[in-house]
Amino acid sequence: TEIAPVDAIVQRMGRVNRYGKRAPTPIFVFNEWDEGSEKIYGKDALNISREVFSELPSQPTNRELVEAANVLYGRIATSEEYVDELVKGKETLDDVQRKLGCYTMDLSEEELREKFATRTGTISIDVIPERFLGEAYAMMDKKEKWRLVELLVPIPIHWLFAFKDHFFSSDIGYFVTDLHYDEEIGLSPEEALEGSPKARII
């Protein structure tokens, strides 16, 4: 896999042996990245992650991975890139409050849609497929909430409205969905589309 922030790599590692039924397997992380990754994660996060990974042992423990993620985000929080984004975010919130107040936002307005779109141009939210709910509760029982990232799948936020009967809130802090999930192709709303164009999110 291509280099990414520590927590993103941990999530990918979890998918290689999600149920712990296979023998330990080497994970190869390439140190270079393309422009797409830089737009999504930011250059600082990728550079720091590459440095942090180079200092980890070949078989890091869960604790070492948690500490690596803490180092990454501790350094990012003081980086010029992060501070700039924080300032832009505050300006955006101030602009929204000034224009709309605290009670409503119409993302159909082009200017606001651009402000709230992610770097990839899509407003997204992380959800947990229902088939992993038991696993999520087991992590919570073990005080390992930080591991929930292994189970998360990003979806376009409009899916919450388009397929509202297939999402429900939970006490673990994320929406849960009963949309079909396949380990090979990811989360798919095809069964709920009823004749609409097919779509998948991986």
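- Separating the CG atom in D44 from the OG atom in S49 is a distance of 10.5 Å, to the nearest 0.5 Å.
- The side-chain contact (heavy atoms from CB on, under 4.5 Å) test applied to A4 returns A8, I9, R12, Y41, not counting sequence neighbours.
- In terms of heavy atoms, Y174 sits closest to D126 at CD2-O, 3.9 Å.
- Here the closest heavy-atom approach between residue V6 and residue A69 is recorded as CG1-N, 3.9 Å.
- In terms of the side-chain hydrogen bond (donor to acceptor under 3.5 Å, both in side chains) criterion, residue partners of K90 (sequence neighbours excluded) are, by chain and number, D94.
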Could you walk me through whether V71 and E55 pass the side-chain contact (heavy atoms from CB on, under 4.5 Å) check?
CA-CA 11 Å; V71 168; E55 296 171 356; over 6 Å; no

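- T78 contributes no side-chain N or O that, together with a main-chain N or O of I76, makes up a donor-acceptor pair within less than 3.5 Å.
- A salt bridge does not link R147 with E135: none of the charged nitrogens is closer than 4.0 Å to a carboxylate oxygen.
- For D182, the side-chain contact (heavy atoms from CB on, under 4.5 Å) partners are H180, E184, I185, not counting sequence neighbours.
- Among residues two or more places apart in sequence or in another chain, the salt bridge (Lys or Arg N to Asp or Glu O under 4.0 Å) test is passed with E35 by none.
- Remark: E51 pairs with R75 by the salt bridge (Lys or Arg N to Asp or Glu O under 4.0 Å) rule, at least two apart or across chains.
- Nearest heavy atom pair, residue E130 against residue F168, reads OE2-CZ, 3.8 Å.
- Partners of R63 by side-chain hydrogen bond (donor to acceptor under 3.5 Å, both in side chains), not counting sequence neighbours, listed by chain and number: E67.
- The side-chain hydrogen bond (donor to acceptor under 3.5 Å, both in side chains) search around N62 returns none, not counting sequence neighbours.
- The closest donor-acceptor contact from the side chain of D34 to the backbone of S37 lies under 3.5 Å.
- Residues passing the side-chain contact (heavy atoms from CB on, under 4.5 Å) test with I172, sequence neighbours excluded: I128, L133, A136, Y137, M140, S170.
- Members clustered with W146: V66, by chain and number, using a 4.5 Å side-chain heavy-atom cutoff among hydrophobic residues.
- Nearest heavy-atom pair across R131 and Y181 is NH1-O, 3.2 Å.
- A search for side-chain contact (heavy atoms from CB on, under 4.5 Å) contacts involving D141 returns nothing, not counting sequence neighbours.
- The existence of a salt bridge linking R15 and E150 is excluded, since no basic side-chain nitrogen approaches an acidic carboxylate oxygen closer than 4.0 Å.
- Contact detail for L179 and F163: the closest heavy-atom pair is CD1-CD1, 4.5 Å.
- With sequence neighbours left out, F53 forms a ring pair (Phe, Tyr, Trp, His ring centres under 6.0 Å) with no residue at all.
- W159 places none of its side-chain heavy atoms less than 4.5 Å from the side chain of T177.
- A search for side-chain hydrogen bond (donor to acceptor under 3.5 Å, both in side chains) contacts involving D178 returns H166, not counting sequence neighbours.
- Taking CG from L152 and CG from L187, the interatomic distance works out to 11.5 Å, rounded to the nearest 0.5 Å.
- The two residues W33 and E38 make their nearest non-hydrogen contact at NE1-OE1, 3.0 Å.
- Distance alone, capped at 3.5 Å, places no donor-acceptor pair between the R50 side chain and the I3 backbone.
- Tested against F167, the residues V176, I125, I155 include a single side-chain contact (heavy atoms from CB on, under 4.5 Å) partner, I155.
- Atoms CD and CG, from E32 and L46 in turn, are 10.5 Å apart once rounded to the nearest 0.5 Å.
- Rounding to the nearest 0.5 Å places CG of L72 at 11.0 Å from CG of N47.
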